[in-house]
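Everything on this sheet refers to the single structure shown next.
Residue numbers start from 1 in every chain, and the chains themselves are labelled A, B, ... in the order their sequence lines are given, proteins ahead of strands. Note that the structure is predicted; figures quoted are calculated from it, not measured.
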Amino acid sequence: MFGLIDCNNFYVSCERAFNPGLLGRPVVVLSNNDGCIISRSQEAKALGLPMGAPVFKYSQLLERHRVAIFSPNFPLYGDMSARVMNTLGDLLPGIEIYSIDEAFADLCGFRHDDLQAVAGEVRSTVLRHTGIPVSIGAGRTKTLAKAANHLAKKRPACRGVCVLEARDERNALASLPVDEVWGIGRRYSRFLQGEGVGTALEFALLPREWVRRHLHVTGARVHAELNGEPCLSLEQVRPPRKSICVSRSFGRKVTQLDELENAVGTFASKCAQKLRAEGLRASLVTVFVHTGHYERPERSSGGHRTAAMPAETRSTIDIVRCASVLLRELYRKGFGYKKAGVVLGGLAPDAASAVTPSLFGDGQDEERTAALMLALDTVNSRYGSGALRLAVESPSGWKQRQENLSPRYTTDWDDIIEVRT
DNA sequence: TCTGGGGTCCTAGGACCC
DNA sequence: TCTGGGGTCCTAGGACCC
C-alpha cells in the first residue's frame, strides 16, 4: 500500500499557523506580483473564488467578503514544508517528498486493519508539531492513493483519512471525475469527455490498447495504476535535478535594455547561487524574454536562446556575463517586455574528479574563482542575500508588487514572533 | 490597468553515424 | 523497375505535475 499525505490549502495554512485570527475566515494567498490566487481556504473556495483566478477580476468579491489577502511568502512556506516532512520522516518508515506540500509513504509494513489508526495518528501529530492540517489517502498504487486522498478531502465523513481497499476501488473511482485523476490534465480530460468518458472508473475500464494509442505511455501508466497495477515506485532519494530556473513577470512593461539587463543579471545570479547551494555545475545557459500574454500580435515579441559554456561552471560572473550576451541577441527595441528568465542546464555534480576542464584554461582561474564564489556566498549568507553582488544586478532583487506580505516568522530573526507576558 | 513560477517526461522528426 | 538496415543524439513542441 502507498500513502499520500497532502497538506490542506498549504500556503493559507502556513499563514494561519502564525495568525490564529485567520481561522474561520476566508483567506487567499496570491502569486508573485499579487497577480493570481494560488491558495484558498475552505471559506474562500465556498465564495466561488477559482484556483488561479486573476485578482483584478475578483476584487469586488474579495472586498465584499473581507477576504484576508496575502502576498506569497515562500521562505515561510519552504521552512514549514521542511517541518512537516521531518515529522513525517520520524513517523513513517519510508517517504518520498513529492512536492512542497505532499509526500508519498510506503505503508507495506502495516497491517491493513491498522492503517486507519496509523493515518489518524500521523494526522494529529503533524498538526500538533507544525500547526498544519493534512489529509491522508492510501491505495494499492500511487495513483489510487492520490484518488483516495481526494476523497479524504471531499467527504466530511472521512475526517481527513481515506484508506482505499481493493474491494472499494470501483465505487470510489465511479465518484471521481476523470479530470481529477492524477496524470489526466486539461487536454486529456477534454479529449476523454468528448469520447464519453466522464469518471475515473469509465477511464479505468477502457481497453488498454486504446489508451496506449490515444494517451501514449504516460496515459497508459495512469490507466494501469487505476487498475491496481503499480507502475510508479516510491523514490526515496530524489534524482539529481536537470535544470535550474529563475524567472519573473514584471509589474509593468519594461522597454529599456539596461533595465532588462538588471533583471536578467539578477536572475542569472540567483541561478548561480542555487547551483552552488546544490553542489552542481552548469554547462548551458538559456535566457528567455517575452511581452505580455494578452498583447496584440503586432506588439508581441519574445523568444529564447541558449549558449554552451566553454567549460562546466559555477561562477556567477561567467553565468551573468553569458546571460547578458544572450539577452542582447534577443532584445528588440520598441517592445514592452513583461517577463524574463534564466535557465541553467547541462547540470553535473561539482566534484573535482568529475569536472571536465576547459581546453584553453590554465587551471589557475579555477582556483581563484572558487575562492571568490566562496567569499560571495559567505558574505551573502551572513549579511543577507544581495549584500555583495555584481554591478549589473539590481540592488533589491527585481521589484515586484507585494503589498500584503506576512513576516518571515521562522527564517528571519527580525521577524520572529514576540510574546509579551 | 491589472493574469505565477518551477519543474519533468514523451514524441516526432531531422541530422548524423557505420 | 529496381535504391539497406540499424543505430544515436538533439531539438521543438506538447503534455503533465505542484
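Considering A:Arg140, A:Arg221, A:Arg208 in turn, A:Arg208 is the only one that fulfils the salt bridge (Lys or Arg N to Asp or Glu O under 4.0 Å) rule with A:Glu229.
Using a 4.0 Å heavy-atom distance criterion, A:Leu30 is classed as making no nucleic acid contact. Within 4.0 Å (heavy atoms only), A:Lys146 reaches sugar-phosphate atoms of the nucleic acid but no base atom. Using a 4.0 Å heavy-atom distance criterion, A:Val55 is classed as making no nucleic acid contact. Backbone-only engagement by A:Ser243 is indicated by non-hydrogen atom pairs under 4.0 Å involving sugar-phosphate atoms exclusively. Among the heavy atoms of the strands lying under 4.0 Å from A:Asp101 are primed sugar atoms or P, OP1, OP2 only; no base atom is included.
The main-chain N or O of A:Ser394 is never found under 3.5 Å from a side-chain atom of A:Asn262 such that the two would form a donor-acceptor pair. Proximity of a side-chain donor or acceptor of A:Thr369 to a complementary backbone N or O of A:Ser315 within less than 3.5 Å is not detected.
For A:Asp6 and C:dC18, the CG to C1' distance is 10 Å, given to the nearest whole Å. A:Arg221 has its CZ atom 15 Å from the P atom of B:dT8, to the nearest Å. Between the P atom of B:dG6 and the CD atom of A:Gln273 lies a distance of 14 Å, rounded to the nearest Å. When rounded to the nearest whole Å, the span between CG of A:Asp34 and P of B:dG5 equals 12 Å. Between the C1' atom of B:dT3 and the CZ atom of A:Arg248 lies a distance of 16 Å, rounded to the nearest Å. Counting to the nearest Å, the C1' atom of C:dC18 and the OH atom of A:Tyr11 are 7 Å from each other. Across the protein-nucleic acid pair, A:Phe250 atom CZ and B:dT3 atom P stand 13 Å apart, rounded to whole Å. Taking atom CD1 of A:Ile38 as the reference point, atom P of C:dC17 lies 17 Å away to the nearest angstrom.
For the contact set between residues 61-88 of chain A and DNA chain B, defined by any heavy atom under 4.0 Å, there are no members. Interface residues of residues 176-206 of chain A facing DNA chain C, ordered by number: A:Val181, A:Trp182, A:Gly183, A:Ile184, A:Gly185, A:Arg186, A:Arg187, A:Tyr188; criterion, heavy-atom separation under 4.0 Å.
With B:dC2, B:dG6, C:dC18 as the candidates, the nucleotide lying closest to the side chain of A:Cys245 is B:dG6. Taking the side chain of A:Lys338 as heavy atoms from C-beta on, and the options B:dC2, C:dC18, B:dG6, the nearest nucleotide is B:dC2.
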Grab the N/O contacts between the protein and nucleotides 11-14 of chain B below 3.5 Å, and write none if there aren't any.
none

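For A:Arg213, the CZ atom sits in a packed shell: over 12 heavy atoms of surrounding residues, nucleotides or ligands are nearer than 6.0 Å. Within 6.0 Å of CZ on A:Arg25 lie more than 12 heavy atoms contributed by other residues, nucleotides or ligands. No more than 12 heavy atoms of other residues, nucleotides or ligands shown are found within 6.0 angstrom of NE2 on A:His304. Residue-environment remark: NZ (A:Lys242) stays at or below the threshold of 12 foreign heavy atoms within 6.0 Å.
Residues A:Val29 and A:Pro72 share a closest heavy-atom pair of CG1-CA, 4.0 Å. For the residue pair A:Ile38 and A:Met51, the shortest heavy atom distance occurs at O-CE, 3.0 Å.
Between A:Tyr294 and A:Ser247, the residue anchored nearer the 5' end of DNA chain B, judged by the nucleotide with its closest heavy atom, is A:Tyr294.
Taken together, the paired segments of DNA chain C that extend over three or more consecutive Watson-Crick or G-U pairs, each closer than 3.5 Å at both contacts, are B:5-18 with C:5-18.
Considering only side-chain N and O atoms, A:Lys339 lies under 4.0 angstrom from the phosphate OP1 or OP2 of B:dG5. A close approach under 4.0 Å does occur between a side-chain nitrogen or oxygen of A:Ser249 and OP1 or OP2 of B:dG5. Close to B:dG7, at under 4.0 Å from its OP1 or OP2, lies a side-chain N or O of A:Arg241.
If you look at A:Tyr77 and A:Phe74, their ring centroids are closer than 6.0 Å. The aromatic ring centroids of A:Tyr337 and A:His290 lie 6.0 Å or more from each other. Ring pair A:Phe2/A:Phe104: centre-to-centre distance not below 6.0 Å.
Taking atom C1' on both B:dG4 and C:dC17, the two are 15 Å apart, rounded to the nearest angstrom.
Stacking of A:Lys339 on the aromatic ring of A:Phe250 is not recorded, the 6.0 Å distance cut-off and the 45° axial limit not both being met.
Checked against salt bridge (charged side-chain N to carboxylate O under 4.0 Å, His left out), A:Arg212 has no partners two or more places apart in sequence or in another chain. Under the rule for a side-chain hydrogen bond (donor to acceptor under 3.5 Å, both in side chains), the partners of A:Glu225 that lie at least two apart in sequence or sit in another chain are A:Thr143.
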